[in-house]
> 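Handing you a structure now.
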Number of protein chains: 2
Amino acid sequence: MTRVLVVDDDPQLLRALKINLAARGYTVLTAPDGTRALHAAAHEHPDVIVLDLGLPDLDGADVITGLRGWSTTPIIVLSARTDSSDKVEALDAGADDYVTKPFGMDELLARLRAAVRRASANPTGNEPVVHAGALDIDLATKQVTRDGVVVHLTPTEWGILELLVRHQGKLVSQRQLLTEVWGPLYQTETHYLRVYLAQLRRKLEPDASHPRHLITEPGMGYRFNP
Amino acid sequence: MTRVLVVDDDPQLLRALKINLAARGYTVLTAPDGTRALHAAAHEHPDVIVLDLGLPDLDGADVITGLRGWSTTPIIVLSARTDSSDKVEALDAGADDYVTKPFGMDELLARLRAAVRRASANPTGNEPVVHAGALDIDLATKQVTRDGVVVHLTPTEWGILELLVRHQGKLVSQRQLLTEVWGPLYQTETHYLRVYLAQLRRKLEPDASHPRHLITEPGMGYRFNP
DNA sequence: TCAAACCGTTAAGAAGGCGTCAAGATCGGT
DNA sequence: ACCGATCTTGACGCCTTCTTAACGGTTTGA
């Protein structure tokens, strides 16, 4: 049974969605504002989230980034605003789709099916703990230990390490690192990478000047070797 | 570099998309109809496909199902029809997103980023490892091993090898190598090819002066023999 | 046979990328 | 408003990679 979290402050729309979704066999959870949406997402683990922008308490993009900090659940944004910059903002914050009101119920349902299909095609799997030499990297709790001692990482450092570890063994291009950690506007700031890779090596590598795990491929990108 | 396949029969729109995408650092491939779109997708392995409905030869939904038979590459559908049933049909056929014309370029770009982000977050993982004698060439990790030992390649060396291996057995013209690796302005610099093919042979071939895998076809181009 | 075009090989200079350190600038919490 | 943590920015030396040049071998066609 697919579980949908619907976030909207309009009780009427909420009710309409609830009826339609329930009729199609979805289990429906609801939240009237951003705070309770984040709370519900964390505790109920829905399969997909339908999120209305223009909530009373939080900015829409903040809700999305708040979710994306720890979850990859598909997010479909609803909004009355047809303005193109709103769409760009929401999508770049991590939304999967953007539907402008008024919308046809069957279109929303189709987009919902598409989102769920994608997500279930690539099962997220249990976030494993990756071992590499003296390092243990726990993707779920976002914690790194070295010889059993917890190593503190800044958000940016973690973002880089997580991306590399999630693609372990693979070459990750500089462009991809920059767009996924800093955003699509930072694609040319390759200098950031040099600074942060040096920091990561100092914290994680046995010998920072002869890295065994965080490997540079000159001109191409970086690679995490287990 | 993210590779986008744009499928549209309107040369004007095609040109506009090409310019905008190229300016954002995408590599743009194009196809004017459904048949050539399927062919291009099979041979060029784009990272994402932008598909206009209403093509001259095939029905849009058929193109989508044709692709979904063997590929999970994200598909973004463009269409002039706002009719809800068209959207449902396309999305249920396997499309990832549906944008109605006229559309804002930045919205399309944002949806493109969202699609690529999703796809790269869940690695498809069916990039094959090509074996050739003592060589193992891993297209996914961009790593080459010879007798089990990792061989380091420069970006240019890898670009040439990847192109040849992706067309293994087939002849790749000098012009194609130069345009894809160096860019369209270098089509006459055939000397580069000689220098780099020599380097590749020295690194990869058992006997560099009697190559078994990296074969020269004089006056035409090069060929990779497994 | 000779000349011209093409290819392979090597090496060296030029250009740009990389690692490193450290000093502002910014952000977040108290 | 302050303070500590974190993120940006700049400077500099080193090293990889790209480009270019020079030379010899091989094939092709007159």
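Chain naming here is simple, since letters A, B, ... match the order of the sequence lines and numbering starts at 1 in each.
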> Give the rounded distance in Å between these two atoms: NZ of A/Lys203 and C1' of D/dT6.
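Checked: the NZ to C1' distance equals 10 Å.
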> Would you call the rings of B/His213 and B/Phe224 parallel, tilted or perpendicular, taking 30° and 60° as the class edges?
parallel
> Looking at the side chain of B/Thr156, which of C/dG8, D/dT19, D/dC18 is the nearest nucleotide?
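Shortest atom-to-atom distance from the side chain points to D/dC18.
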> Pick from B/Leu163, B/Leu171, B/Leu177: which one makes a side-chain contact (heavy atoms from CB on, under 4.5 Å) with B/Tyr222?
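Testing each of B/Leu163, B/Leu171, B/Leu177 against B/Tyr222, the sole residue satisfying side-chain contact (heavy atoms from CB on, under 4.5 Å) is B/Leu177.
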> Could you tell me whether the phosphate oxygens of D/dA5, OP1 or OP2, come under 4.0 Å of any side-chain nitrogen or oxygen in A/Thr154?
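Indeed not, no polar side-chain atom of A/Thr154 lies that close.
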> With heavy atoms under 4.0 Å as the rule, sort B/His152 into base, sugar-phosphate or nothing.
sugar-phosphate
> So what does A/Gln199 touch, heavy atoms closer than 4.0 Å: a base, only the sugar-phosphate, or nothing?
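It contacts nothing in the nucleic acid.
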> Could you state the atom-to-atom distance from CD1 of B/Ile160 to P of D/dT19 in whole Å?
11 Å
> Expressed as a whole number of angstroms, how long is the span from A/His191:NE2 to D/dG13:C1'?
14 Å
> How many whole angstroms separate atom CD of B/Glu157 from atom C1' of D/dC18?
11 Å
> Do side-chain atoms of B/Arg111 reach the backbone of B/Asp106 as a donor and acceptor pair under 3.5 angstrom?
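No: the side chain of B/Arg111 does not pair with the backbone of B/Asp106.
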> Rounded off to whole Å, could you give me the CZ-to-P distance for the B/Arg202 and C/dT9 pair?
8 Å
> Is B/Arg194 near enough to C/dC7 that one of its side-chain N or O atoms lies under 4.0 angstrom from OP1 or OP2?
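For C/dC7, OP1/OP2 do have a side-chain N/O of B/Arg194 under 4.0 Å.
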> Could you state the CD1-P distance from B/Ile215 to C/dC6, rounded to the nearest angstrom?
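Spelled out: CD1 on B/Ile215 to P on C/dC6 is 21 Å.
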> Under 4.0 angstrom, heavy atoms only, what part of the nucleic acid is B/Tyr196 near: base, sugar-phosphate, or nothing?
base
> Please classify the nucleic acid contact of B/Ser209 as base, sugar-phosphate, or nothing, using heavy-atom distances under 4.0 Å.
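Sugar-phosphate: the residue B/Ser209, judged by heavy atoms under 4.0 Å, touches backbone atoms but no base.
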> Take the protein atom CG of A/Leu185 and the nucleotide atom P of D/dT8, then report the distance between them rounded to whole Å.
13 Å
> Just the rounded figure in Å: distance from P of C/dC7 to CG of B/Leu200.
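Rounded to the whole Å, the gap is 16 Å.
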> Go through the steps for A/Val144 and A/Leu153 under the test side-chain contact (heavy atoms from CB on, under 4.5 Å), then give the verdict.
CA-CA 8 Å; A/Val144 183; A/Leu153 297 185; 3.7 Å; yes
> Between C/dC18, C/dG8, D/dA21, which nucleotide has the shortest distance from any of its atoms to the side chain of B/Arg201?
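Side chain of B/Arg201 sits closest to C/dG8.
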> Among D/dT9, C/dG8, D/dT20, which is the nearest nucleotide to the side chain of B/Tyr192?
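Looking only at heavy atoms from C-beta outward on B/Tyr192, the closest nucleotide is D/dT20.
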> For B/Trp182 and D/dC18, is the shortest distance between a side-chain N/O and OP1 or OP2 below 4.0 Å?
no
> Of the candidate nucleotides C/dT20, D/dT17, D/dA21, which contains the atom at the shortest distance from the side chain of B/Val195?
D/dA21
> Please answer whether the main-chain N or O of A/Thr154 pairs with a side-chain N or O of A/Glu157 as donor and acceptor at a distance below 3.5 Å.
yes
> Looking at B/Thr190, I'd like to know whether one of its side-chain N or O atoms comes within less than 4.0 Å of OP1 or OP2 on C/dC6.
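No, because none of the side-chain N or O atoms of B/Thr190 sits under 4.0 Å from OP1 or OP2 of C/dC6.
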